[in-house]
Student: 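Mind looking over this structure? Questions follow.
In what follows, every chain begins at residue 1, and chains take the letters A, B, ... in the order their sequences are listed.
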There are 2 protein chains.
Amino acid sequence: MPTINDVARAAGVSPSTVSYVLSGRRPISAQTRARVQAAIAELGFHPHAGARALASSKTNVLALVVPLRVDVNVPVIMQFATAVVTAARTHNHDVLLLTKDEGTSGLERVAHSTMVDALIVMDVEKDDVRIPALRRLKQPTVLIGLPGDPAGIVCVDLDFAAAAAETLRHLAWHGHRKIALVGPSPSVYRRGTSYAERFLAGFTEASAELGLETMTHPCEPGQAGVRECLADIDAELPGVTALVVHNEEALRPLLDQLRSAGRRIPEDISVVAVCPRDVALGMPIPLTSVDIPSHDVGGLAVETVMKLLDGRHTESVRLLPPTLVERESCASPAS
Amino acid sequence: MPTINDVARAAGVSPSTVSYVLSGRRPISAQTRARVQAAIAELGFHPHAGARALASSKTNVLALVVPLRVDVNVPVIMQFATAVVTAARTHNHDVLLLTKDEGTSGLERVAHSTMVDALIVMDVEKDDVRIPALRRLKQPTVLIGLPGDPAGIVCVDLDFAAAAAETLRHLAWHGHRKIALVGPSPSVYRRGTSYAERFLAGFTEASAELGLETMTHPCEPGQAGVRECLADIDAELPGVTALVVHNEEALRPLLDQLRSAGRRIPEDISVVAVCPRDVALGMPIPLTSVDIPSHDVGGLAVETVMKLLDGRHTESVRLLPPTLVERESCASPAS
DNA sequence: GGGGGTCGTCGAAGCGCTTCGACGAACGAT
DNA sequence: ATCGTTCGTCGAAGCGCTTCGACGACCCCC
């Protein structure tokens, strides 16, 4: 592996000049620059990342903390991750992958040992134990999600409360008055997962504002969970004409269940999903849905981190507005 | 951030002694070690990763290259990734996430700049353009998959040829003679994806050995693709009594399709899937399947990398034997 | 035509760690 | 007692890069 000294010698300049060619931090004459660049190309020189980090205190690496639980939506996580990696590369950064199960100590390890310049943390809970630790780090951090107390930490996410309101507005506009929310599994609520609570709160509030008759029900995974959930809904809110489904895994069995009960969509019951676009499109009937824009959120997280890294100011909480797209799962109730 | 010098001062020893306490590369008296460790704990010292990498030429970081295509099985990839990260951590390594779309240059970038000690590359194709580049790197590499010419590179994977044979043996044992393979989408074959070809070859060979009447058919994603695939199969191999499905995405629509055509599983038609265990279990009927042990393969990849890193020898191709587990989707044909 | 700037380049220091050689002390064997 | 070892520790060199201050050369303006 050639070093910067080899390049300098080959180009007949000093190592510092090579460095300045690379960084552009000082003016270098066109001829010199050309010679240096030729030498770099010829020798196949790549600066040593460790040496660079040591000298400049910059690693050009971001940490990305992903959950690896199974009850959480794998494709969504994957979309976030690829969005983050792709966006990071456009800013000349690489991504170090951490799993949530290392908890606080994992964050501290990579931060204290200066392996990364900044962190992006997914799957945030309401009273996330990692938050106090994150506040103490010298590296900037961006959360994907919204903890109970976001003070001192920058957060980005979809505006789930607005998303909930959006689904209800749409259904109300179609004329629905009795609407049930099929939520995530109870374990998600139990963990205090941020997006679940925000969606629930938005749903309840919008329901009151619109004067609707609604109920909410978590939904265990699997056929059995869905069956039970639907039964409870029918018992508690008889004559329900629309379902808002904020549970990607339940979606499929739920549609199956409705079909085998002879309830047609949208003739007998309307459904609005909250899920990634491709999931909504991959169902037997294309579902009217509020998109979960993993890609945008991931990209925004990276942009925000970059802003923080070069000291620019940024708002501390940034919630993306939801967009509902109409497909084929909503109609006016038969009445 | 305290440095090794701060620790040395606090413990009343020289920096090199602290280093030897950390690395254990020279004997240190119990008292000294205790004092040093106390100082480390008190100051919250973490060695600077860059400095360490520079001095020792070891980064304790692995690169993991994942595909980010959409036609490829997201949950499987995610399982690989988490298995790799988890296993890497047990060896005190972290994982840098690269996407396949950076191609050869991404590999060269992280390798030449000494960001990683070794690489693990997923989603290998038969004539993968990255292979020659990988051979040239000074860092050891482990492929998950099997290229056409694996010379000079270590590979680990499930033995897909054996897996195919296993499915046929099982179905033959049940008395099936007419069996069709529902394969991955044509684009997967077109790309020369290693596992698809190996499964196909194993299927064809075992079919001949067992004297079965079989056919194979790729399957486009989506309901339409499945419908077409089934129609072709019925046309080409009338009276087919069993299906081997090597296409995770097609699985669900395929079952739907069979059901709505009034073909019961396993009474009218048997199905063996090749997919991760949880996918097989998540279907309306628990499917008899050959497990794709992402977790084991990921773990094995890391173990292999570690072996290479400390100079131990390792076989150049390691294929895990498949295991078929019986569930409820196979029975003897009505005859 | 001399003073003040800017431009382009160099040299040296230093980032925080590992590692090698050296060296005194302690110890067992003769 | 003496010599050779092993044990435990230290000092210094160096890993490859960035960055700061310095310094000619050159240009512009009064």
Side-chain angles (χ1 to χ4, degrees), chain A residues 1-37 39-40 43-61 92 109-117 138 310, chain B residues 1-37 39-40 43-61 92 109-117 138 310:
Chain A
M1 299 271 96
T3 74
I4 201 173
N5 291 291
D6 300 328
V7 174
R9 210 171 310 122
V13 300
S14 79
S16 53
T17 300
V18 177
S19 179
Y20 288 124
V21 168
L22 251 24
S23 69
R25 292 176 139 334
R26 286 205 180 167
I28 298 289
S29 71
Q31 308 95 340
T32 308
R33 198 180 322 123
R35 265 186 308 147
V36 168
Q37 275 158 349
I40 288 176
L43 298 178
F45 167 73
H46 290 250
H48 186 291
R52 203 165 227 198
L54 181 56
S56 69
S57 355
K58 289 186 179 186
T59 62
N60 276 44
V61 175
N92 205 25
R109 182 170 54 78
V110 298
H112 289 157
S113 62
T114 326
M115 299 183 76
V116 302
D117 292 337
K138 69 169 199 293
D310 43 60
Chain B
M1 299 271 96
T3 73
I4 203 173
N5 291 292
D6 300 327
V7 174
R9 209 172 309 119
V13 299
S14 79
S16 52
T17 300
V18 176
S19 179
Y20 287 125
V21 167
L22 251 26
S23 68
R25 294 176 145 308
R26 285 205 180 169
I28 298 288
S29 72
Q31 307 97 338
T32 308
R33 199 181 319 124
R35 266 186 307 147
V36 168
Q37 275 158 350
I40 288 175
L43 298 179
F45 166 73
H46 289 250
H48 186 291
R52 206 165 225 200
L54 180 55
S56 69
S57 1
K58 287 184 182 197
T59 62
N60 277 40
V61 175
N92 205 26
R109 182 170 53 78
V110 297
H112 289 157
S113 62
T114 325
M115 299 184 75
V116 301
D117 292 336
K138 70 168 197 292
D310 42 59

Student: Could you tell me the separation between the CE atom of A:Met115 and the P atom of C:dC15, rounded to a whole number of Å?
Tutor: 22 Å
Student: Taking side chain as C-beta onward, heavy atoms only, is A:Phe45 less than 4.5 Å from A:Leu22?
Tutor: yes
Student: Applying a 4.0 Å non-hydrogen cut-off, can you work out what A:Ser19 is touching in the nucleic acid: base, sugar-phosphate, or nothing?
Tutor: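 Base contact.
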Student: Rounded off to whole Å, could you give me the CZ-to-P distance for the A:Arg9 and D:dC17 pair?
Tutor: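 Atom-to-atom, A:Arg9 to D:dC17, this comes out as 12 Å.
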Student: Measure the distance from CD1 on B:Ile40 to C1' on C:dC17 and round it to the nearest whole Å.
Tutor: 13 Å
Student: Select one nucleotide: of C:dC10, D:dT9, D:dG14, the one nearest the side-chain heavy atoms of A:Val13.
Tutor: C:dC10
Student: Rounded to the nearest 0.5 Å, how far does NE2 of A:His48 lie from CG of A:Leu54?
Tutor: 10.0 Å
Student: For the pair made of CG in B:Leu22 and C1' in C:dG16, what is the distance, rounded to whole Å?
Tutor: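 Computing the B:Leu22:CG to C:dG16:C1' distance gives 12 Å.
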Student: Whether B:Arg52 contacts C:dG16 is assessed here as follows: a side-chain N or O lying under 4.0 Å from the phosphate OP1 or OP2. Is that the case?
Tutor: no
Student: Closer than 4.0 Å, any side-chain N/O of B:Ser56 to the OP1 or OP2 of C:dT18?
Tutor: no
Student: Nearest whole angstrom, please: distance from the C1' of D:dC7 to the CD of B:Gln31.
Tutor: 12 Å
Student: So, is B:Ser16 close to the D:dG11 phosphate, meaning a side-chain N or O under 4.0 Å from OP1 or OP2?
Tutor: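 Result: no.
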Student: Using heavy atoms to find the nearest nucleotide of DNA chain C for B:Pro47 and B:Tyr20 separately, return the residue whose nucleotide is more 5′.
Tutor: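 Final value for this comparison: B:Pro47.
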Student: Donor-acceptor pair, distance only, cut-off 3.5 Å: does the side chain of B:Arg33 make one with the backbone of B:Val21?
Tutor: no
Student: Between B:Arg52 and B:Asn60, is any pair of side-chain heavy atoms under 4.5 Å apart?
Tutor: no
Student: Given that B:Thr32 and B:Ala51 both sit by DNA chain D, which one's nearest nucleotide is further toward the 5' end?
Tutor: B:Thr32
Student: Could you tell me the separation between the CZ atom of B:Arg26 and the C1' atom of C:dG21, rounded to a whole number of Å?
Tutor: 8 Å
Student: Respond yes when some side-chain nitrogen or oxygen of A:Ser14 is under 4.0 Å from OP1 or OP2 of C:dC10, and no when none is.
Tutor: yes
Student: Whole Å only: how far is the CG atom of A:Leu54 from the P atom of C:dA13?
Tutor: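 It works out to 17 Å between those atoms.
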Student: Can you tell me how far P of D:dC17 sits from NE2 of B:His48, to the nearest Å?
Tutor: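 Distance, rounded to whole Å: 15 Å.
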Student: Taking atom types as modelled, is there a side-chain donor on A:Ser14 or A:Thr17 under 3.5 Å from an acceptor on the other?
Tutor: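 Per modelled atom types, A:Ser14 and A:Thr17 side chains form a pair under 3.5 Å.
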